[in-house]
There are 2 protein chains.
Amino acid sequence: MKANLEDIARAAGVSKMTVSRVLRGGSGFSGETAQRVMQAAERLGYIPNRLAAAFGAEQASTLVGMCVPRLTSGLFGHVLDGVDRALTRLGFQLMIGANNHSAAEEEAWVRQLVSWRPAGVILSGRTHTPATVDLLRKAALPVVEIWDLTTSPIDMAVGFSHFDCGVEMGRHLIRRGRRRAGYVGALARADVMGAARLDGFRSELAQAGHPLVDAEVLHDAPGFYAGYYGMETLLSRRGDLDAVYFHNDEMAIGGLAFCQARGLRVPDDIGVAGWGGMEAASILPRRLTTTVVPTTAIGKAAAEALAARLTGVAGPDVTIVPTRLVPGETV
Amino acid sequence: MKANLEDIARAAGVSKMTVSRVLRGGSGFSGETAQRVMQAAERLGYIPNRLAAAFGAEQASTLVGMCVPRLTSGLFGHVLDGVDRALTRLGFQLMIGANNHSAAEEEAWVRQLVSWRPAGVILSGRTHTPATVDLLRKAALPVVEIWDLTTSPIDMAVGFSHFDCGVEMGRHLIRRGRRRAGYVGALARADVMGAARLDGFRSELAQAGHPLVDAEVLHDAPGFYAGYYGMETLLSRRGDLDAVYFHNDEMAIGGLAFCQARGLRVPDDIGVAGWGGMEAASILPRRLTTTVVPTTAIGKAAAEALAARLTGVAGPDVTIVPTRLVPGETV
DNA sequence: TCTGGCTACGTTACCGGTAAACCAATGGAG
DNA sequence: CTCCATTGGTTTACCGGTAACGTAGCCAGA
């Protein structure tokens, strides 16, 4: 039914090996032979078998795995897009997985992945089980950890400091005269990076002499609803806040919706800041003050770091991508 | 370096085949043997080689491919999530690709995919090149086409009628007393499904005796900005519209932002309707009138249809998932 | 006692490529 | 005229699993 190299070889009157070389565009054959082979392959509707190729030649396959926290995150959608575009251009295939912010789920996924003998892996975050790290080391896979900067990456890293994002936003709020700031987060205990931003925020405020008044870290996923209700909860405990920093833009927009619903004027009565830089944030009636993260660039850089490693070019082990605090009209 | 079945066999004092049977949880071995094998495998840090397994046994692999129009779409993020959760539970791995609304790019991706001999494929939409269809047929792959209902799916389909969505929204606007409706779309000529909604919308309005006044279909990606500027463009041409139907919720929200910026009162001066049902739509100051699409359910159904087909259970060829028009406060 | 069926394995033959080694012409340099 | 490099191939030996089939030992029932 399905043609293989042998069939083409027979049809073209050459050996299997010659067909292999022609189809992979190598050398060691005449133009005339090449044409006969190509025609035969075309005529027989040959579909290459990468399974056999990757298996037979122990050389790296063209498979790259990537694990994100959640597939529903707008930010990671852009990261994925950046990765996918770069990998496609470089001739790789992308295998994805979601770990739902759980290192154990990530381990299970990595275990599946390495059994496909991929060329490399891209992981999100720096929280991995020891078994995961062990597995990756044993498989001798190029690994890129994205999103957060790790002091000691497993292999390579592309990202930025979440702590610094928090610090910067804290400084901004202080500069804008805010003195009683709160924080609304999500994914309590599951998301290390949101926690890092909160740490940075808290530390900067404390240093400025106007420490964080209160923080509400929900267990929910960081969406609009969570922002709305987080804001409600926080303000019901502390009605005297003059600014609230959110886990991300979606939540901040939810928070803004709450303010609107309660007749709170932003930024006069209360300031609101987000994080991430989703498109909607810049088109709200009042542009949201937020930190823009170069998501697509991170994905692209991760894919290219991996590809560079695979072609033997020594790239940088750690790539720092700059985030940018964009002052809007909400604080 | 890396252990294989042979190594385990040697260590456990049995044959390769017995190891294979034990590790795959089959039968034909004693409990004592099983334990020796397991321990040896554990001790040697055995990592199975799915490449070899899928290659050797011509049986279907556990690889499933999925192609979406854009990875940055919020709606498709949820579809992907639904697919991924279901597939992971069923023991499959997900390989993804984006076609950027281009049948040619989809073909290129499918060509790559089939060379991995996957167990099945999930495609978005019903626009495929003849070569794509041919390729899939030749590979005898189970195929699920999602998102849009196809009259004659390649194999299976999970989705709904975009035309009907448009019809329903047209009816809603008429019921609300709107008589001069416009439309703002995106991805001109690339997105067949948005066009189908517009067709349905247009046809229903015409039938009601209040035909569509004007439509502005941009070439851009359907985001907030596009909605903002699309609204601006449309209203500059036709200032007398009393309602605008948007390609999706993001664009509708962009349109709302424009209204706010220009001091247009919604829904008094003008009505706004979206499509898709993003979370943000329900938390806006005025809840957006939109059609909610059960994205995650579609993904789940697609994955399960595929799995059913693979286990030999005959599932339905076409699964219709219901969309729901949710009247908000914007029209 | 013989037969048949079960359990618990072992043997053998692939799957479809690729690397590496090998070989037969051919043409040009010395 | 010989030698050697180059061109254009072929042959062989794997890669690591799995299916299919073979078989020894044991026990039950006729």
Point to revise | Full working for salt bridge (charged side-chain N to carboxylate O under 4.0 Å, His left out) between B/Arg89 and B/Glu304 | key: CA-CA 10 Å; B/Arg89 193 168 46 77; B/Glu304 283 168 356; 3.2 Å; yes
Q. Checking side-chain contact (heavy atoms from CB on, under 4.5 Å) for the pair A/Ile320/A/Val318: CA distance, chi angles, key distance, verdict?
A. CA-CA 6 Å; A/Ile320 302 177; A/Val318 174; 4.3 Å; yes
Check the pair B/Met38, B/Val22 against side-chain contact (heavy atoms from CB on, under 4.5 Å), reporting the backbone distance first and the verdict last.
CA-CA 8 Å; B/Met38 298 284 221; B/Val22 169; 4.2 Å; yes
| message | The test is side-chain contact (heavy atoms from CB on, under 4.5 Å); show your working for B/Arg111 and B/Thr132 and say whether it passes. | response | CA-CA 8 Å; B/Arg111 207 173 283 280; B/Thr132 301; over 6 Å; no
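The stretch residues 22-34 of chain B comes close to DNA chain C through B/Gly28, B/Phe29, B/Ser30, B/Thr33, each having a heavy atom under 4.0 Å from the strand. Proximity of residues 12-19 of chain A to DNA chain D (heavy atom under 4.0 angstrom from any strand atom) is restricted to A/Val14, A/Ser15, A/Met17, A/Thr18.
Note: CZ (A/Phe55) to P (C/dA19) measures 14 Å, nearest angstrom. Whole-Å rounding puts the A/Arg50 CZ to C/dT18 P distance at 10 Å.
Each end of the helix from C/dT1-D/dA30 to C/dG30-D/dC1 gets its own rotation axis from five pairs of C1' atoms, and the angle between them is 50° to the nearest 10 degrees.
Remark: B/Asp191 does not engage B/Arg70 in a salt bridge, criterion side-chain N to carboxylate O under 4.0 Å. No salt bridge links B/Asp155 with B/Arg137; every basic N to acidic carboxylate O contact stays at or beyond 4.0 Å.
Taking CD of A/Glu6 as the start and NZ of A/Lys16 as the end, the distance is 5.5 Å to the nearest 0.5 Å. With rounding to the nearest 0.5 Å, the separation of CG in A/Leu5 from CG in A/Asn49 is 9.0 Å.
Between B/Trp147 and B/Phe160, the angle of the ring planes goes over 60°, which puts this pair in the perpendicular group of the 30/60° scheme.
Counting 5' to 3', DNA chain D first comes under 4.0 angstrom of a heavy atom of chain B and last does so at the ends given by D/dG16 to D/dA20.
The side chain to side chain donor-acceptor pair (under 3.5 Å) check on B/Trp109 picks up nothing, with sequence neighbours excluded. Taking the side chain to side chain donor-acceptor pair (under 3.5 Å) definition, one finds that B/Arg10 meets it with B/Asp7, sequence neighbours left out.
The 5' end of DNA chain C is approached more closely, in terms of each residue's nearest nucleotide, by B/Arg36 than by the other of B/Arg36 and A/Ala53. Residues B/Arg21 and B/Ala57 each lie close to DNA chain C; by heavy-atom proximity, the contact nearer the 5' end of the strand is made by B/Arg21.
Side-chain contact between B/Val68 and B/Val79 is absent, with no heavy atoms from C-beta onward closer than 4.5 Å.
A side-chain contact (heavy atoms from CB on, under 4.5 Å) with A/Cys67 holds for exactly one of A/Leu113, A/Asn99, A/Ile96; it is A/Asn99.
Using a 4.0 Å heavy-atom criterion, one finds that A/Ala52 contacts the bases of the nucleic acid, with or without backbone contacts as well.
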